[in-house]
Amino acid sequence: MNIQGKTALVTGASRGIGRAIALELAQQGVKRLILVARNHQRLADVAAEIEALGVETAILPLDLSQPVQVHIAIAQAWRTHGPIHLLVNCAGVAQQVPFLQSKLVNVQEEIAINLVGMYTITYLIARRMAAQREGKIVNVSSLMGKVAAPTMATYSATKFAIVGFTQALRGELEAHNVQVTALLPSLTETDMVRDLQWFRWVMPTTPQKVARSLIAGLYKDSPEIFVGWQSHLIAWCNRIAPRLLEKVLLMAAPLPKYEQKTFSRPRQA
């Protein structure tokens with residue numbers, strides 16, 4: 001996809017990977033950026049950075065878990081700013097906790113934002129893209145959408161779901177000239193992961209590298225975009241020796257020893 005002169009909408013644009021993607025799109029020649037996130041002030045700050053690059057911006061302070069608000073905002077944005085050519089679904093949250101200590105309210109929040117919120121805005125925009133017979137949708141999953149890891153069960157579940165959702169849409173929307181791509185970054189140094197316990201031996205990447213990888217993948221029309229050599233290596237290992245990789249991930253996970261023993265050797269009834 002050639003992004004020159006196009007209009008793009010980026011969710012989760014107030015910080016982290018979403019912010020980096022918005023800035024990279026501006027630097028690469030996109031005409032207009034519509035920025036979506038919950039925090040109005042942070043969105044305004046990012047918009048000011050982008051406008052300094054000479055790119056038109058609009059901000060939509062939205063909670064993607066509220067479908068009525070999203071429906072109204074997208075309809076208004078389409079009327080005001082014209083067709084959206086590129087949608088980047090980047091909004092997401094992560095809770096890190098051993099499954100047996102997890103709380104339903106946190107599980108519901110992850111599913112509502114990471115999955116249902118993405119579904120809602122994608123549905124509204126994909127219908128319009130199909131009608132205009134032009135568009136590109138990028139769903140930001142994660143390496144954990146290919147390889148699940150202890151302490152991140154719900155997050156991994158939502159990211160696996162995003163990969164499946166992306167694959168299904170790719171086939172359905174191809175006839176309407178709408179392309180659908182999954183972006184799969186590994187651990188990335190952002191505010192979201194600042195309070196998480198990192199996995200041993202994992203070398204974090206930067207939001208800027210993720211954004212550059214996305215741009216390269218857009219020009220190649222890649223169906224899936226992995227970021228960094230670690231992502232390629234882990235995905236390859238998962239295909240060749242999945243059980244061995246599970247054991248390595250268990251050793252790398254920030255679990256107390258007693259929980260690792262429970263995880264690896266469940267008691268039989």
Side-chain angles (χ1 to χ4, degrees), residues 1-93 113 117-118 120-129 131-132 134-140 178-181 183 185 188 190-192 206-219 225:
M1 179 186 186
N2 186 352
I3 64 173
Q4 299 290 323
K6 304 293 187 180
T7 295
L9 185 149
V10 182
T11 72
S14 63
R15 60 181 185 171
I17 293 174
R19 174 182 174 275
I21 288 173
L23 287 167
E24 188 68 23
L25 287 170
Q27 293 166 358
Q28 295 296 326
V30 76
K31 177 183 178 181
R32 182 183 296 110
L33 275 163
I34 302 172
L35 310 176
V36 177
R38 288 182 286 187
N39 190 296
H40 183 281
Q41 186 55 56
R42 285 181 176 174
L43 279 179
D45 292 341
V46 177
E49 290 184 68
I50 292 171
E51 288 170 354
L53 299 172
V55 176
E56 179 185 338
T57 64
I59 62 173
L60 298 181
L62 281 177
D63 183 344
L64 295 180
S65 66
Q66 303 299 316
V68 174
Q69 294 179 18
V70 177
H71 184 96
I72 293 171
I74 294 304
Q76 291 177 342
W78 202 281
R79 286 195 300 268
T80 303
H81 305 291
I84 295 168
H85 306 99
L86 172 64
L87 166 64
V88 182
N89 283 311
C90 195
V93 295
I113 295 174
M118 181 206 65
T120 301
I121 197 167
T122 300
Y123 178 76
L124 296 170
I125 292 178
R127 293 178 65 192
R128 291 170 167 84
M129 285 180 170
Q132 73 187 15
E134 181 186 11
K136 180 87 171 187
I137 298 170
V138 177
N139 296 324
V140 180
V178 177
Q179 299 174 317
V180 189
T181 295
L183 176 64
T188 308
T190 65
D191 292 346
M192 188 179 76
T206 65
Q208 292 73 26
K209 183 173 181 179
V210 175
R212 290 193 296 268
S213 296
L214 170 60
I215 297 301
L218 286 177
Y219 280 107
I225 304 169

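For clarity, every value in this text was computed on a predicted model and none was experimentally measured. Position 1 is the first residue of the sequence, and the numbers go up from there.
- More than 12 heavy atoms of other residues, nucleotides or ligands sit less than 6.0 Å from atom OH of Tyr219.
- Contact detail for Gly18 and Cys90: the closest heavy-atom pair is N-SG, 3.4 Å.
- Atom-to-atom distance recorded for Lys136:NZ and Asn2:CG is 12.0 Å, nearest 0.5 angstrom.
- A side-chain hydrogen bond (donor to acceptor under 3.5 Å, both in side chains) with Thr7 is found for one member of His81, Glu56, Arg32 and no other, namely Arg32.
- Looking at heavy atoms from C-beta onward, Ile3 lies in side-chain contact with Ile215 at the 4.5 angstrom threshold.
- Here the closest heavy-atom approach between residue Ala26 and residue Leu33 is recorded as CB-CD1, 3.9 Å.
- For the pair Leu86 and Leu218, the minimum side-chain heavy-atom distance is below 4.5 Å.
- Looking only at side-chain heavy atoms (C-beta outward), Asn39 and Arg15 stay at 4.5 Å or farther from each other.
- Every side-chain hydrogen bond (donor to acceptor under 3.5 Å, both in side chains) that Asp63 has, sequence neighbours left out, goes to Ser65.
- A search for side chain to side chain contact (heavy atoms under 4.5 Å, CB included) contacts involving Val46 returns Arg19, Leu35, Ile50, not counting sequence neighbours.
- In this structure the side chain of Met118 reaches within 4.5 angstrom of the side chain of Asn139, judged on heavy atoms.
- The side-chain heavy atoms of Ile125 and Ile137, taken from C-beta on, include no pair separated by under 4.5 Å.
- The CZ atom of Arg38 sits 15.0 Å away from the CG atom of Leu60 when rounded to the nearest 0.5 Å.
- The salt bridge (charged side-chain N to carboxylate O under 4.0 Å, His left out) check on Glu51 picks up nothing, with sequence neighbours excluded.
- Arg212 is linked by a salt bridge (charged side-chain N to carboxylate O under 4.0 Å, His left out) to nothing, counting only residues two or more places apart in sequence or in another chain.
- Side-chain contact check for Pro185 versus Val140: some heavy-atom pair is nearer than 4.5 Å.
- Residue Met129 comes nearest to Leu87 through the heavy atom pair CE-N, 3.9 Å, listed as atom of the first residue, atom of the second, then distance.
- For the residue pair Leu53 and Leu23, the shortest heavy atom distance occurs at CD1-O, 4.4 Å.
- For Asp45, the side chain to side chain contact (heavy atoms under 4.5 Å, CB included) criterion is met by Gln41, not counting sequence neighbours.
- Annotation: side-chain hydrogen bond (donor to acceptor under 3.5 Å, both in side chains) contacts of Glu134 (sequence neighbours excluded): Lys6.
- With a 4.5 Å cut-off on side-chain heavy atoms, Val138 and Ile21 do not count as touching.
- Of all the heavy atoms in Ala13 and Ala37, the pair that sits closest is N-CB, 4.1 Å.
- For the atom pair CG (Leu9) and CG (Asn89), the distance works out to 8.5 Å, reported to the nearest 0.5 Å.
- Contacts of Arg128 classified as side chain to side chain contact (heavy atoms under 4.5 Å, CB included), with partners at least two apart in sequence or in another chain: Ile74, Ala75, Trp78, Leu124.
- Taking Ala91 as the reference, Thr11, Leu64 meet the side chain to side chain contact (heavy atoms under 4.5 Å, CB included) condition, with sequence neighbours excluded.
- Listed by chain and residue number, nothing satisfies the side-chain hydrogen bond (donor to acceptor under 3.5 Å, both in side chains) test with Ser14 (two or more places apart in sequence, or in another chain).
- Qualifying side-chain hydrogen bond (donor to acceptor under 3.5 Å, both in side chains) partners for Gln76, counting only residues two or more places apart in sequence or in other chains: none.
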